[in-house]
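The next block holds one structure in the form of C-alpha cells; read it before the comments.
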Amino acid sequence: MGTCTSAPASTHSEAETMVPGGADSLRACFLLCLKLDLYQPKYANMPITFTVKPCPRGADFIEGYGVGTVFEGINAIGQPEVVTIKELVSLEKIVLESRGLLMTYSTTLLPNGDCKLQFAFDGPNMGRFQRHVVMQINTMGSFAKANLRAILDEADGKTLPAPPVVGASPPGPPPVVGAASGGAFCGGCGAANSGAAFCTGCGAASGGAVAGGGGFVDVPQHAQAQQAAQNMMQQSMMNATIKASSMHAHAAAVGRH
C-alpha cells in the first residue's frame with residue numbers, strides 16, 4: 001500500500017510503496033519506470049499511448065532508453081504530451097520532464113529485500129496532485145508484484161547492470177548497453193521498431209513485433225484508480241463551471257448598479 005509523505009507548499013507531491021523480491025524487484029521496478037511507452041498505459045491513472053524516440057547512441061541504459069529518450073503522445077484532455085528523460089542513475093533514479101514539470105522515480109533495495117518505489121511530481125500547483133500520485137504508486141506497486149517475472153522476461157537477453165549490494169560502497173558506472181534487435185529499437189541503426197519484419201530505418205531484419213504484448217496481468221487497482229481520477233476530473237470541471245457562472249453573475253449584478 002502506498003504511503004503519503006508531506007508536500008511542502010503546492011509545488012510538490014510524492015508517495016512510495018514497497019515491492020518484495022530482492023534484486024529482481026529492484027530491476028523490475030526500474031524497468032517499469034523507465035519504459036514509459038510500454039508500461040505507463042498499464043498503471044497510469046490517465047493512460048497515454050506513447051511513441052518513443054531513442055536516446056543518443058551510447059547514452060542508453062538498455063536498448064535506446066536513457067538520457068535523451070523522448071516519449072510523445074496525446075493526454076487525457078487532447079493536448080500533445082512530450083516527456084523527456086533528463087537524468088538517469090542506474091537502478092536508482094529516473095527524472096523525466098514535460099512542459100516544465102518534473103516526474104522523479106526512485107528505486108531503493110532495502111536490507112529486508114524489498115524495493116522501495118517512490119514517485120514525485122514537482123512544478124507549479126503539483127501539490128494538488130497528491131491523491132493522483134498516491135493512487136498511481138499503489139497501482140505501480142501492485143502491477144510490479146503481479147508481473148515481476150513478466151517485466152524481467154520482456155528484457156530477457158538484454159544486459160542489465162548488477163544491483164547495488166546493500167551496505168557496500170557504490171558501484172562504478174554501468175557498462176554501455178547497445179540497442180538490441182527484437183525489442184523497441186533496431187539493433188542496427190537505433191530506429192524505433194515498427195513491428196514489421198524489416199527495419200524502416202536501415203532495412204535490417206527487425207526480429208518481429210515489439211515485445212510486451214499479452215504476457216502481463218492487469219491489476220484491479222488500475223481500473224479503480226482510473227475511475228477515481230475521472231471522477232476527480234469531472235468534479236474539478238464542474239467546480240470551475242460553477243465558479244465561472246458565479247463570477248459572471250456577480251459581474252452582471254455590479255454592472256446593474
Side-chain angles (χ1 to χ4, degrees), residues 7 10-15 29-56 59-88 93-106 117-140 143-144 151 154 183-185 190-195 210-213 216 218 221-237 240:
S10 62
T11 62
H12 179 82
S13 58
E14 69 175 86
C29 287
F30 193 81
L31 290 167
L32 179 67
C33 302
L34 177 67
K35 295 190 171 187
L36 205 66
D37 57 313
L38 177 58
Y39 294 117
Q40 195 267 6
K42 304 180 188 302
Y43 64 71
N45 303 338
M46 298 179 182
I48 298 174
T49 300
F50 285 108
T51 58
V52 57
K53 295 180 180 178
C55 62
D60 40 2
F61 167 82
I62 181 173
E63 65 153 31
Y65 294 89
V67 174
T69 299
V70 178
F71 306 92
E72 297 180 336
I74 303 297
N75 63 25
I77 58 176
Q79 296 180 339
E81 194 78 35
V82 180
V83 182
T84 305
I85 297 179
K86 291 293 187 179
E87 180 183 350
L88 187 152
K93 182 171 74 170
I94 302 166
V95 180
L96 304 106
E97 185 272 337
S98 177
R99 291 177 284 116
L101 306 177
L102 295 180
M103 296 158 280
T104 302
Y105 294 98
S106 301
L117 175 61
Q118 297 170 288
F119 173 48
F121 251 150
D122 286 283
N125 300 315
M126 287 300 100
R128 298 178 180 177
F129 287 82
Q130 182 66 32
R131 289 179 62 190
H132 283 280
V133 169
V134 171
M135 289 191 300
Q136 182 154 307
I137 203 68
N138 283 337
T139 304
M140 293 179 75
F143 183 85
I151 294 171
E154 190 279 331
F185 302 99
N193 185 359
S194 66
V210 177
F216 300 104
D218 291 331
Q221 290 86 347
H222 190 201
Q224 294 163 6
Q226 284 182 283
Q227 184 60 56
Q230 186 176 34
N231 292 345
M232 283 190 280
M233 180 180 287
Q234 290 173 347
Q235 185 62 51
S236 178
M237 292 173 64

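As the structure is a prediction and not an experimental result, all values here were calculated from the model.
For Q130 (side chain) and E14 (main-chain N/O), a donor-acceptor pair under 3.5 Å exists by modelled atom type. Within the 3.5 Å criterion, the main-chain N or O of I48 finds a donor-acceptor partner in the side chain of Q40.
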**Prompt:** Should V52 and L36 be marked as a side chain to side chain contact (heavy atoms under 4.5 Å, CB included) after you check the CA-CA gap, both sets of side-chain angles, and the distance that decides it?
**Reply:** CA-CA 9 Å; V52 57; L36 205 66; over 6 Å; no
Verify side chain to side chain contact (heavy atoms under 4.5 Å, CB included) between M140 and L32, making sure each step is shown before the conclusion. CA-CA 8 Å; M140 293 179 75; L32 179 67; 4.1 Å; yes
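Within a 6.0 Å sphere centred on CZ of F129, heavy atoms belonging to other residues, nucleotides or ligands number 12 at most.
A pairwise comparison of heavy atoms in P80 and R99 identifies O-NE, 4.5 Å as the closest pair. The two atoms that bring L117 and C33 nearest to each other are CD1-SG, 3.6 Å, heavy atoms only. Between V133 and A15, the shortest heavy-atom contact is CG1-N, 3.6 Å. Closest of all the heavy-atom pairs between I137 and Q118 is CD1-C, 4.0 Å.
For the pair Q136 and T139, the minimum side-chain heavy-atom distance is 4.5 Å or more. Taking 4.5 Å as the limit, some side-chain heavy atom of F216 sits within range of a side-chain heavy atom of E154. Taking 4.5 Å as the limit, some side-chain heavy atom of P124 sits within range of a side-chain heavy atom of L101. Counting heavy atoms from C-beta on, the side chains of H132 and S13 never come closer than 4.5 Å. Residues V67 and C55 form no side-chain contact, since every pair of their non-hydrogen atoms from C-beta on lies 4.5 Å or further apart. Side-chain contact between T11 and M126 is absent, with no heavy atoms from C-beta onward closer than 4.5 Å. The closest side-chain heavy-atom distance from T69 to L34 is not below 4.5 Å.
Here I62 contributes atom CD1 and K35 contributes atom NZ; the two are 5.0 Å apart, rounded to the nearest 0.5 Å. Atom CD of E97 is separated from atom OG1 of T84 by 6.0 Å, given to the nearest 0.5 angstrom.
Partner of F30 under the ring pair (Phe, Tyr, Trp, His ring centres under 6.0 Å) criterion, chosen from Y105, F61, Y65: F61.
Shown here are the side-chain contact (heavy atoms from CB on, under 4.5 Å) partners of M103, two or more places apart in sequence or in another chain: V83, L96, S98, F119, F121. For the ring pair (Phe, Tyr, Trp, His ring centres under 6.0 Å) test, no residue two or more places apart in sequence or in another chain qualifies with F50.
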